[in-house]
Amino acid sequence: MGRLTFSGLLNSLDGVASSEARILFMTTNYIERLDPALVRPGRVDLKQYIGPCSHWQLAQMFGRFYPEASLSDGDRFARDALSLHQEISAAQVQGHLLLHKTDPQGAIENVSTIRD
């Protein structure tokens, strides 16, 4: 049936059949729900919390998506986004900017449509 068991997942990460010299990224919104066997030391060497975006991060993301836009546009985008959303994730912002790939002004004007 092609089912993967939890034991099979753990073996694929660091068992006999696993490959060497690789980096694996695992993401979750609920680290407390993960089985301790999955995130034990040696299997997971580094845990990094990525919280909501700051004003600076939002302005930087805007600038990377629209390198031709002015710094004040990025600042306006960040200010407007944070005034409408108390906490906003990088994934939410990325999704919004992708919807306005070639339209920086549209991204600013429609900042209220960023999904919660």
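What you see is a predicted model, and the numbers here were worked out from it, not measured in a lab.
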Checklist entry - In terms of hydrophobic clustering (I, L, V, M, F, W, Y; side-chain heavy atoms under 4.5 Å; direct or indirect links), are Val39 and Phe6 co-clustered? => result yes
Checklist outcome for this item: Hits for side chain to side chain donor-acceptor pair (under 3.5 Å) against Arg79, two or more places apart or cross-chain, chain-then-number order -> none
Next on the checklist: Looking at Asp73 and Ala69, would you say the former's side chain and the latter's main chain have a donor-acceptor pair under 3.5 Å?
Outcome noted: no
Next on the checklist: Under the rule for side-chain contact (heavy atoms from CB on, under 4.5 Å), what residues qualify as partners of Ala107, not counting sequence neighbours?
Outcome noted: Phe62, Tyr66, His96, Leu97, His100
Checklist entry - Are Ile114 and Leu98 connected in the hydrophobic side-chain network, where two residues link if heavy atoms are under 4.5 Å apart? => result yes
Checklist entry - What are the two closest non-hydrogen atoms of Arg43 and Leu10, and how far apart are they? => result NH1-CD2, 3.4 Å
Next on the checklist: With a sphere of 6.0 Å drawn around CG of Leu4, does it hold more than 12 non-hydrogen atoms of other residues, nucleotides or ligands?
Outcome noted: yes
Item to check | Partners passing salt bridge (charged side-chain N to carboxylate O under 4.0 Å, His left out) against Asp80 (at least two apart in sequence or in another chain) | outcome: Arg76
Checklist entry - Are Ser7 and Thr5 linked by a side-chain donor-acceptor pair shorter than 3.5 Å? => result no
Which atom pairs, one a donor and one an acceptor, fall under 3.5 Å between side chains of residues 22-32 and the rest of the protein, sequence neighbours left out?
unit_1, atom_1, unit_2, atom_2, d
Arg22, NE, Ser19, O, 3.0
Arg22, NE, Ser19, OG, 3.2
Arg22, NH2, Ser12, O, 3.3
Arg22, NH2, Leu13, O, 2.2
Thr28, OG1, Tyr30, N, 3.0

Next on the checklist: Tell me every residue that passes ring-ring contact (aromatic ring centres under 6.0 Å, His included) with Phe65, counting only those two or more places apart in sequence or in another chain.
Outcome noted: none
Item to check | Distance-minimising heavy-atom pair for Leu58 and Phe77 | outcome: O-CD2, 4.1 Å
Item to check | Leu38 side chain reached by Leu9 side chain, heavy atoms, under 4.5 Å | outcome: yes
Next on the checklist: Quick one, Asp35 with Arg40, criterion salt bridge (Lys or Arg N to Asp or Glu O under 4.0 Å). Give me CA distance, side-chain angles, the key distance, then yes/no.
Outcome noted: CA-CA 9 Å; Asp35 188 293; Arg40 70 164 173 74; over 6 Å; no
Next on the checklist: Between Leu84 and Met61, is there shared hydrophobic-cluster membership here, with clusters defined by ILVMFWY side-chain heavy atoms closer than 4.5 Å?
Outcome noted: yes
Item to check | His55/Asp75 under side chain to side chain contact (heavy atoms under 4.5 Å, CB included): CA gap, chis, key distance, verdict | outcome: CA-CA 8 Å; His55 180 94; Asp75 187 59; 2.5 Å; yes
Item to check | Linked, directly or transitively: Leu82 and Leu71 (ILVMFWY side chains, under 4.5 Å) | outcome: no
Checklist outcome for this item: Looking only at heavy atoms, the pair that brings Glu68 and Pro104 closest together is OE2-CG, 3.9 Å
Next on the checklist: With clusters defined by side-chain heavy atoms of hydrophobic residues (ILVMFWY) lying less than 4.5 Å apart, directly or transitively, does Ile88 cluster with Trp56?
Outcome noted: no
Next on the checklist: Can you list everything that forms a side-chain contact (heavy atoms from CB on, under 4.5 Å) with Gln57? Sequence neighbours excluded, please.
Outcome noted: Cys53, Ser54
